[in-house]
Amino acid sequence: MRLLKTGILAATFALSAGSALAQGIDDPTRAPYYDSFKGKRIAYVPVAMGFDLTEGWAAGLKEAFEPLGVTFDIRDPNWSTDAGAAAITSLITEKPDVIVVHNPDVQSYARLLKKAEEAGIYVVQVNMRSSYSTDAFIGADYVGMGQQIGERLVEKCSPANGGSGKVAITQGVLTAAASVYQMEGINNVLSQHPEIQLVSNQAADWDATKAKNIAATVIQQHPDLCAITGFWDVMDVGTAAAIKESGKNVYLLTQGGGNRMACDGLANGTYSEVVVYFVPGQARDMATMIKQMLQLKQPAGANKTTLFTPLTFLTKDNMTPASCWDLPTKN
């Protein structure tokens with residue numbers, strides 16, 4: 001009799017549970033997830049808007065957060081470090097929940113970023129870090145990238161491989177993280193290869209015209225130049241023009257965020273090789289980090305996280321239709 005009662009109770013429970021499942025069960029994590037973003041504000045301070053990197057990051061962050069009701073505010077300093085510092089100073093007073101910063105160099109914003117965290121604002125740095133580490137950095141490992149580029153220069157230009165051994169470097173801004181950290185990596189490799197002669201190492205300040213003039217002069221002085229490595233594909237449009245005008249066969253190794261222009265440049269011979277840190281992936285990583293911060297609600301500055309972006313060395317031979325991305329069309 002006891003067994004019969006137990007069986008009846010079990011069957012009744014199974015039926016009631018089955019009925020509940022048939023009607024659906026609310027996910028208990030949904031409401032806390034969406035509530036953590038209500039009324040939040042993210043402020044974005046790039047070096048400037050209007051080019052692939054900064055526009056791509058902005059588009060990715062907007063896509064991730066605006067549907068959640070998060071306000072996304074852009075403060076464009078338009079290449080002025082002073083204007084960028086003023087924007088961050090103003091934001092510290094306004095107290096958004098998160099500031100996303102693209103640093104022009106390693107030092108200019110350091111004290112302000114620390115001050116922002118002390119004010120309780122989460123700070124995320126993208127692709128070019130400051131000397132001050134904040135809650136998160138998402139971007140390329142420029143020392144590691146420099147080492148890989150140095151190895152490619154040795155591979156392409158070593159006299160043992162048929163090259164002249166002569167290479168040139170066109171940096172962006174000398175104090176930018178993309179320059180100082182990358183040079184560390186390149187020097188680590190070239191210091192072990194005396195057969196490689198660095199005949200020019202100059203800064204074009206991210207400017208295509210300056211890059212063109214530098215390349216033209218170096219090629220004129222060294223007609224047997226084997227390769228030029230430049231630190232940004234948009235700037236190196238000028239480098240490519242100088243190489244084309246010279247009629248010389250100079251290998252151009254550049255880098256960038258993987259915008260469609262990079263693949264087009266490989267296809268038409270503007271670039272020989274492009275190192276890509278994929279901008280949409282960086283935007284997604286930033287969004288993920290920010291979502292975690294806003295849900296965990298730990299004090300700003302309590303944790304320091306680095307997410308290095310995977311790098312892809314693209315050539316005309318190994319790129320695919322999915323290797324590059326297109327900027328969203330603005331409405």
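In this chain, residues are counted from 1 in sequence order.
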| Does some side-chain heavy atom of Thr134 sit less than 4.5 Å from a side-chain heavy atom of Val124? | no
| Is a side-chain donor or acceptor of Trp325 paired with a backbone partner of Gly258 at a separation under 3.5 angstrom? | yes
| task | Decide if atom CD of Glu118 counts as having more than 12 heavy atoms of other residues, nucleotides or ligands within a radius under 6.0 Å. | result | yes
| Closest contact, heavy atoms only, Ile121 versus Asp135 | O-OD2, 4.1 Å
| query | Are any of the side-chain heavy atoms of Gln292 and Thr288 separated by less than 4.5 Å? | reply | no
| request: Examine Phe51 together with Trp79 and report whether their ring centres are nearer than 6.0 Å. | output: yes
| message | Check this for me, if you would: do Lys304 and Glu117 make a salt bridge, where the nitrogen-to-carboxylate-oxygen distance has to be below 4.0 angstrom? | response | yes
| query | Got Ile169 and Ile186 here, is their nearest side-chain heavy-atom distance under 4.5 Å? | reply | yes
| query | Nearest 0.5 Å, what's the OG1-CZ distance between Thr254 and Phe231? | reply | 9.5 Å
| request: Using a 4.5 Å cut-off on heavy atoms from C-beta on, say whether the side chain of Leu225 contacts that of Val218. | output: yes
| task | Identify whether the distance between the nearest side-chain nitrogen and carboxylate oxygen of Glu245 and Lys212 falls below 4.0 Å. | result | yes
| query | Heavy-atom distance under 4.5 Å between the side chains of Glu195 and Val154, does that happen here? | reply | yes
| note | Correct closest heavy-atom pair for Met49 and Thr54 would be CA-OG1, 3.6 Å
| said: Can you confirm whether Gln298 sits close enough to Asn303 that some side-chain heavy atom of one is under 4.5 Å from a side-chain heavy atom of the other? | reply: yes
| remark: Closest non-hydrogen contact found for Pro96 with Ala43 is CG-CB, 4.1 Å
| note | Checking Trp57, Tyr109, Phe137 against His102 for ring pair (Phe, Tyr, Trp, His ring centres under 6.0 Å), the one that qualifies is Trp57
| request: Would you indicate whether the side-chain heavy atoms of Thr306 and Arg129 approach each other to under 4.5 Å? | output: yes
| field | Ile99 and Tyr122, any side-chain heavy atoms less than 4.5 Å apart | value | no
| request: Before accepting this row, confirm whether a basic side-chain N of the pair Arg152/Glu155 lies closer than 4.0 Å to the acidic partner's carboxylate O. | output: yes
| query | Can Arg41 and Asp97 be counted as an ion pair, charged N to O under 4.0 angstrom? | reply | no
